[in-house]
Amino acid sequence: MDVSHLIDRLNPPQREAVSAPLQSRLVLAGAGSGKTRVLVHRIAWLIQVEQISPYAIMAVTFTNKAAKEMRSRIEALLGLTPRGMWVGTFHGLAHRLLRAHHREANLPENFQILDSDDQLRLVKRICRELNLDEKRWDPKELTWFINAQKDEGLRPQHLDSYGDSSWQTRIDVYKAYEEACQRGGMVDFGELLLRSHELWLNQPVLLRHYQQRFQALLVDEFQDTNKIQYAWLRMLAGERMPVMAVGDDDQSIYGWRGARIENIQNFTSDFPGTEIIRLEQNYRSTDTILQAANALIANNQGRMGKQLWTDSGEGEKIAVYSAFNEQEEARFIVEQAEKWADQGGMRQEVAILYRSNAQSRVLEEALVRAGVPYRIYGGQRFYDRLEIRNALAYLRLMQNRHDDAAMERVINVPTRGIGSKTLETVRDYARQQQVSLWQASVEAIERRLLSGRAAGALLPFIELINQLQRDSESLAMADTIALMLQHSGLVEHHEKDKDKGEARAENLQELVNAARQFEQSWSPDEEDEQAGLTDVLAAFIDQAALDAGDAQAAEFSDCVQLMTLHSAKGLEFPLVFMAGLEESLFPHSMSMEDPQGLEEERRLCYVGITRARQKLFMTWAESRRFYGQEERRTHSRFLREIPEQLLEEVRLGASIRRPLSFQRPTSPSFAEAEVPATEFYLGQRVIHGTFGEGILTNFEGQGPKARVEVNFDDVGSKWLILSMAKLQAL
DNA sequence: TTTTAGACCATTTTT
DNA sequence: TGGTCTAAAA
């Protein structure tokens, strides 16, 4: 078989990675160096050259998006769907293992996945049960604590308070939480990994089975693995399985949620015989952009070492813009973005990146004002919406009566007269008898522990769920869901929502559509069948928990893209704006104190810079409103870490006055600072006959129609026609 | 049960 | 400043 197409158009290190012998390899893949391409070609190589069955290949990613992309690119390259291959996220694959071996993992067959919202609710409930003061014991913090322990592979019994009572309380909550999960057959995200790791640990036969089955293991975004994920991989790999770990230590930006950059640094010693392959040729950005990125990241210690290069040419300089304030920064960005569009560029080629979500508001306002369509990434995802979560809770309850999280969520949604008092009685009973809320409800009614009214409200709910489940046996899943939505009153309930009612009803309809689609495309493979995975509804619920879907329905219009630097990882855009390059915003004040945190911020900056293909703007504001407080700002140290000759300042700080008659830049050059100054400039203090003193914060138009916005000390912000207002400079 | 007023507080986010 | 959450009032 001719396999030259697998390596033909690759550069030497890419080729080396793709055609490496069956041994472990660490591929240090710089930004834009063709990482996914290498992974996909490697898999094809394993199948076509090494004659490894797809059944013996496992490829692990972090996000569903990455897993889907890998799958479709493999299919495109091979021209067929490789059956039996395990491609998925860590969580997805761990989940698959637990489903297949639920008995050995000590889980009920219908165990359910607890997402972060359910988890928080459950922790809150446990805090109440343990009589903890929510002021002192923030459930969010406790949840974070539990997850952090699981990410480290630690169970409550592995933890020792060493007499520290507050530490002991945390451990107690963790323990109670774990018991509640076990009782209800619920598994959170961290548990998926921890439990499947323990499954292998406790069942050597099973482990050996998988070790023999898989002959090659590939891991994407290796720098993002946490301790348990790494342990999971090592255990599966054993002594012999060749692992190809692909990652970039310079793009490790998730340390704060447990990712361990050491994993990539220790890989070669933990997997003996591993060679390192560096992919340093970049196919994305101009040389200027890469030089800036290289120079910046060189300030970090203990790197694996990598220098990105390109033969694509020097390109334009990086434009640095010092805005007067955040409003003006936003306006500048919008203006430049529109210029791109005016010159024939697509809006979707433009990305505005920022460090924190709070920055998006001002940017949005500026975009709206200018009538520029935009799209924000990272909003609420489909399966995270209130109405969808409620609907799923009903489905989960139909599937598993002991799912307390689901029960708590919808027992009184829509309101059916089950108040807090009834619920408290049921909760108390459940706690005493160590049973689920469902069972407690049933027994409480039977034993007449509830008032007639309470029982009269609770019983119909129980019957509703029972009835729905009976009906579901003869109906297609989508029809079951539609029926549930009607009979439960959820549609009616959510329709009533004041401003979001319409959208909510639509989303519920969309859920039915999604279910129908899922149903049509879903077919368990032989392996799933053997594992008893034959229930569509269960599979649908699982996938909703593991993949929250997109934030917005597919957007066809040509939009400017707004997102945080974190969510920009893995993406690329011809034109990129990085906004808010100010000390204590970026690097963020929460991270700049300790050296580790600062280095991660720097990597985040590196990620941002390397998103840009052609042109990069870095902007900051000399003054920014923070929690209502106007603050003076200084530009980010990261700007200083980029060699000056790569930068081009559009305006130099406050020292250059920006006259009101300033002609907005229209020529291709962005350096247009030398315009004769007139009387007024942004940030100037002025005095008005009626309103008194204030600061000039904004302007629009020119000549006789020019208007200015002045923030007056006494009467606040006002727009004034410059030619009428008789302003005086102070 | 729903609405409203004050308190509180404030990176980054996927599974 | 504004969004979220809890507690009090309609």
Between A:Arg633 and A:Glu622, does any side-chain N to carboxylate O distance fall below 4.0 Å? no
Salt bridge (charged side-chain N to carboxylate O under 4.0 Å, His left out) involving A:Lys65 - partner list, sequence neighbours excluded: none
Measure the distance from CZ on A:Arg624 to C1' on C:dT1 and round it to the nearest whole Å. 14 Å
Quickly work out the A:Lys140 NZ to B:dC8 P distance and round it to whole Å. 16 Å
Looking for any heavy atom pair under 4.0 Å, which part of the strands does A:Arg355 touch: base, sugar-phosphate only, or nothing? base
Taking atom P of B:dT11 as reference, at what distance in whole Å does atom CG of A:Leu598 sit? 18 Å
Would you call A:Lys35 and A:Asp220 a salt bridge, taking side-chain N to carboxylate O under 4.0 Å as the test? yes
Between P of B:dT12 and CG of A:Asp594, the distance in whole Å: 18 Å
Whole-Å P distance, B:dT12 and C:dC5: 15 Å
What base-paired stems does DNA chain B take part in, with at least 3 consecutive Watson-Crick or G-U wobble pairs and both distances under 3.5 Å? B:1-10 with C:1-10
According to side chain to side chain contact (heavy atoms under 4.5 Å, CB included), who are the partners of A:Glu495, at least two apart in sequence or on a separate chain? A:Val491, A:Ala505
Sequence-distant partners of A:Trp256, ring-ring contact (aromatic ring centres under 6.0 Å, His included), two or more places apart: A:Tyr254, A:His566
Under 4.0 Å between a side-chain nitrogen and a carboxylate oxygen: does that hold for A:Lys227 and A:Glu262? no
Would you mind reading off the distance between A:Asn325 atom CG and C:dT1 atom C1', rounded to a whole angstrom? 15 Å
For A:Asp138 and B:dA7, give me the distance from atom CG to atom P, rounded to whole Å. 20 Å
For A:His588 and for A:Arg416, find the nucleotide of DNA chain B with the closest heavy atom, then tell me which residue's nucleotide is more 5'. A:Arg416
Syn/anti state of C:dT4 by chi, 90° boundary around 0: anti
Can you tabulate the close N/O pairs, meaning under 3.5 Å, that link protein atoms to atoms of nucleotides 13-15 of chain B?
| from | atom 1 | to | atom 2 | distance (Å) |
| --- | --- | --- | --- | --- |
| B:dT13 | OP1 | A:Thr564 | OG1 | 2.5 |
| B:dT13 | OP2 | A:Asn357 | OD1 | 3.2 |
| B:dT13 | O4' | A:Arg257 | NH1 | 3.3 |
| B:dT13 | O2 | A:Arg257 | NH1 | 3.4 |
| B:dT15 | OP1 | A:Asn64 | N | 2.7 |
| B:dT15 | OP1 | A:Asn64 | ND2 | 3.3 |
| B:dT15 | OP2 | A:Arg381 | NH2 | 3.1 |
| B:dT15 | O4 | A:Ser116 | OG | 3.3 |

Have a look at A:Glu326 and say if it touches a base, only the backbone sugar-phosphate, or nothing, with a 4.0 Å heavy-atom cut-off. nothing
Is it the case that the side chains of A:Tyr606 and A:Gln251 hold a donor-acceptor pair, with the cut-off being a distance below 3.5 Å and no angle test? no
Using 30° and 60° as the class boundaries, would you call the ring planes of A:Trp200 and A:Trp232 parallel, tilted or perpendicular? tilted
How close or far is atom P of C:dC5 from atom CG of A:Leu386, stated in whole angstroms? 12 Å
Provide, to the nearest angstrom, the distance between the CG atom belonging to A:Asn412 and the C1' atom belonging to B:dT2. 13 Å
For A:Asn299, what residues pass the side-chain hydrogen bond (donor to acceptor under 3.5 Å, both in side chains) criterion, not counting sequence neighbours? A:Glu641
